[in-house]
Amino acid sequence: MWCFPAQLRFLFHFLVIILNLGSIHGKYTAKIVEDPPPREIGIAGLFGPEDSIEERSFRMAIDRINLNKNILPDVKLVPKIGIISETDSFNTSRTVCNLAAEGIAAVFGPNTDEVTGIVHSVCDTLDLPHIKTHWDISNEPLKGINIHPNADLLAQALIDTIEDMDWNTFTIVYENTEGLIRLQEVLKKHQRVINVHGHAPVTIKQLPEDADYRPLFKEILQSSENHIVLDCRTDLILDVLRQAKEVKMMGDYQSYILTSLDAHTLDYSEFTSTRTNITSLRLVNPNSTVVQYALQDWASEEQRLGIRSHLTADSITVEAALIHDAVYLFAEALHMILGTEKDLDTQSLQCGTLSGDAQWSGEKWLHGFKLSNFMKLLDIEGMTGPMRFNSTTGSRTYFELEISEILPHLKKIGSWDPLNKIKYTRTRSEMYEDIVQAISNKTFIVTSRLGEPYLMLREEDGLEGNDRFRGYSIDLIDAISKDLGFKYRFELVPDGNYGSLNKQTKKWNGLIKELQDMRADLAICDLTITYERRTAVDFTMPFMTLGISILYSKPEKQEPDLFSFLSPLSLEVWIFMATAYLGVSILLFILARCTPNEWENPHPCEAEPEELENALNLNNCLWFSLGSVLAQGCDILPKITPSEWNAPHPCSPDPEELENKLNFNNLVWHNCGSLMQQGSDIAPQAVSTRLVAGMWWFFTLIMISSYTANLAAFLTKTGMETTISSVEDLAKQSKVKYGCLLGGSTGAFFSSSNDSLYQKMWSVMESTRPSVFVKTNAEGVDRVMKGKGSYAFFMESTSIEYQVERNCENLMQVGGLLDSKGYGIAMPFNSPYRTAISGSVLKLQESGGLRELKDKWWKVQGQEECVEGEQEDSQELGIANVGGVFVVLILGCSFAFFFALLEFLWNVRKVAVEEKLTLMEAFMVEVKFVLSCSENKPVRRRPESEMSNEMDTSFMQLNAKQ
């Protein structure tokens, strides 16, 4: 084997390759020379004098097809150009007829509506395929086809984009009637949304002809509308946006949708400093391989011709791309027909009277209708993306649109097609990050109003900026700013109002006006989210939930009534109790005298006494009844056996029988007394008297239990009961006046409520003089405290909680919540920062940050929680509560002492008479005995001599009688 150096081997292989290439070139050269020339088929393109880019695209597409032998290997397309006027229909028809006489297979264009009708009429008569490349609202069946996307589908793409961007209201700015016709489906769709959801109608404004658009945009600015759909020629877009910027309609909160499919071809670098959201829809995908190859071929051809090309994927117009795709669609259809009809060729066609010449012969092109149908059945991809067509109308029913954001640089954010609708190419997290990044470079102007505890001025002097303020609002904004990384500056609203709509002028005031006039980015305070305000501005999710309630003054505490223990029963009941007491006692006395069982032996030692004694005399009956009322004593006391057996006659020391008083009747009676918690040292013995006593005991049991149950509440009652416990109580009476904040959400609640009760209360508030409305919550609180129960103030529950916490002794909340709502951070309508700020509020809520902020500004440090009135009833009793009972006890004891003194003096007199002592001597003897504290008192007996004399006297009197 031969061994050659590496250099020689490389040279050898190179020569072999050169020889092979030469051989191949010779074969193909010979073949080309031998092939017959291709058939020429002319196609006509109609263009205006200024349609140079479209004409170049038409020629370039034909050249690319002629160079690609895979499409039409035996056919050469020949461009036949007709330059027409957009307003001259007659000359346009003559031009078409002249081209038809030369022999053409199809007509492309023109791109204007003014002369399209006459071109279509000629093509329809001659059966020539007519291929349109511009917007056409008509859906009439065509012999040809329209490459431009279907008008209804384009409108649907715009509708889907508007809805996806949550545009409930917007303004359409259009240039001419054609633009308004293009957007008629958008208007119809939005009208249906109004009927279902109650959204405000779309506003329509036309660009003035004098090219001064600033008055129009000033009017839009004053209407607080920030969403603009701009439909105008591509060359007008930049001028329109410049003038909008001059009147501050190119700020953070304005959003534009450009309907022009060529909007991406403009240079928006002069607007990069603004943060306006400009969205456009474009048909040409610059990253498509079809677009890239076409532009490369285009650049190569122009370079060959010595033309300097500036055409790029971002600058090519839709019309140029559509012309290119139209030629390719025709070539593909022609390729399919040539597969079955090899002899296809063009022919000279005469228009006749259509062009003003001789009579029309009725001749048509034989292959025109078939060629048109083939084009409608094709499904290909061109520079404008995939294409599908309606087989009847020839309109394009499938295409893809790119949704792009133009600022700060052109960026695709999604796509749309008739089947899948909107598909975003970026995730929600990426969208959120973009918003946060935009926020981090911004300083927000925060408008607010003074009001505890949301925003208050610091007492120190010399403070500037945010250092002047303190409160819940500034702490909340500070927490959000730390989360999102933005800066902020607090400013007070000039008129100090929350924001209400003037029904006559339709203008807002307060915080809402500041946001509408774009003088502030955020508004925060105790600003309630309402439907009316939501139509004017945007709100974040609520950072605090609440409702309307009633602020009322606590009743003044009164000194306890000395005889409050009598309060559980009314005077009428006490009178009936006393009557029942006397009645039962008398009845018991009468029955005791009637029944024989109540008469007993007064001397147990005498077996057969001459007289019987009834223990239930009137005094004892009264005493028995009183003992029942007071639930005291019982004469039957059981003892452990055998001690229950006693001698029936105490005089007999050794009785033959023992007696047990606990017989069956007495046991039943004992148990009844125990059950009723009753008893007395005087106990009925007969059945009748026991029935009366039992019923009396049952009556006293119920009465005493009822009395005891109510006694605690009345003894602990230190103040009068409030006359208002709910909003219904407030509405029923007329003594206590009630009102609310003027121009606030509370007043709006009453004025717009459908509830008859609230409507009545609103009418009362409006008609009351002097006015019950106040300008600030602080004024309302002060009026409640000074009113001493004559004024009630409707207020948000959170504000009531704050005031009650600091005025626990004087204020209280009455009733529950009348509604449920929330406080939110307001911002200009459709603000791009709402999602990010709402997300930050949600984070604070989940982490407990909102609760910590509320506790910080609502709770008073070092103070115990305010105790409600119901809890005060369970406190311990003071001497003031039960002093009346002590008074009764002292009076009773004093009366007993006085009665005992009378008994003592009576006893002194008796002793003086019996012992023949002076009153003073007898008094001193009894006093000494009392002071001696002796347990036994000697029985003072009379001398025996006196007793014997009295006995002798008695016997003598007895004998004398006999």
Side-chain angles (χ1 to χ4, degrees), residues 578-579 581-590 592-593 598-606 609-630 632-635 637 649-651 679-685 689 884-962:
T579 304
Y581 165 71
L582 293 175
V584 170
S585 298
I586 294 173
L587 177 63
L588 188 61
F589 170 71
I590 295 173
R593 296 190 66 81
E598 292 296 340
W599 296 94
E600 296 180 344
N601 186 356
H603 305 289
C605 296
E606 297 181 9
E610 295 182 359
E611 295 180 352
L612 296 178
E613 182 183 47
N614 194 329
L616 290 178
N617 55 36
L618 185 58
N619 290 334
N620 287 340
C621 286
L622 293 172
W623 179 245
F624 171 81
S625 299
L626 182 61
S628 301
V629 174
L630 301 179
Q632 300 297 322
C634 181
D635 62 333
L637 300 176
H649 304 289
C651 297
S680 173
D681 58 339
I682 303 299
Q685 301 294 324
T689 54
V885 181
F886 284 90
V887 171
V888 172
L889 178 61
I890 293 172
L891 291 177
C893 292
S894 301
F895 178 75
F897 178 78
F898 175 75
F899 196 80
L901 181 60
L902 293 178
E903 289 179 329
F904 177 77
L905 295 176
W906 180 261
N907 184 59
V908 168
R909 177 185 176 281
K910 182 179 179 182
V911 170
V913 172
E914 291 179 351
E915 298 187 8
K916 296 182 178 181
L917 300 174
T918 63
L919 288 177
M920 181 56 68
E921 292 174 343
F923 179 79
M924 293 304 297
V925 170
E926 291 299 321
V927 169
K928 288 179 180 180
F929 174 76
V930 172
L931 296 178
S932 66
C933 297
S934 175
E935 295 182 358
N936 299 318
K937 183 177 182 180
V939 178
R940 297 183 180 277
R941 298 185 182 274
R942 296 170 63 184
E944 294 182 0
S945 59
E946 292 183 6
M947 293 180 62
S948 61
N949 291 334
E950 289 182 359
M951 290 180 65
D952 292 340
T953 303
S954 298
F955 281 120
M956 289 174 67
Q957 292 176 354
L958 179 62
N959 291 332
K961 291 180 179 179
Q962 292 179 351

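All residue numbers in this chain count up from 1 along the given sequence. Just so it is clear, the structure is predicted and the values come from calculations on it, not from any experiment.
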Notebook entry, point to check: Taking all non-hydrogen atoms of both residues, which atom of Phe923 and which atom of Val908 are closest, and how far apart?
Noted result: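 The answer is N-CG1, 3.4 Å.
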Next item on the list: For Ala922 and Leu917, work out which heavy atoms get closest and say how close.
Entry: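 Nearest heavy atoms, Ala922 then Leu917: N-CB, 4.3 Å.
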Item checked: side chain to side chain contact (heavy atoms under 4.5 Å, CB included) involving Thr918 - partner list, sequence neighbours excluded ->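 Once residues adjacent in sequence are excluded, the partners of Thr918 under the side chain to side chain contact (heavy atoms under 4.5 Å, CB included) criterion are Met920, Glu921.
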Next item on the list: Drop me the distance from Glu915's CD to Lys910's NZ, to the nearest 0.5 angstrom.
Entry: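 Spacing of CD (Glu915) from NZ (Lys910) equals 11.5 Å.
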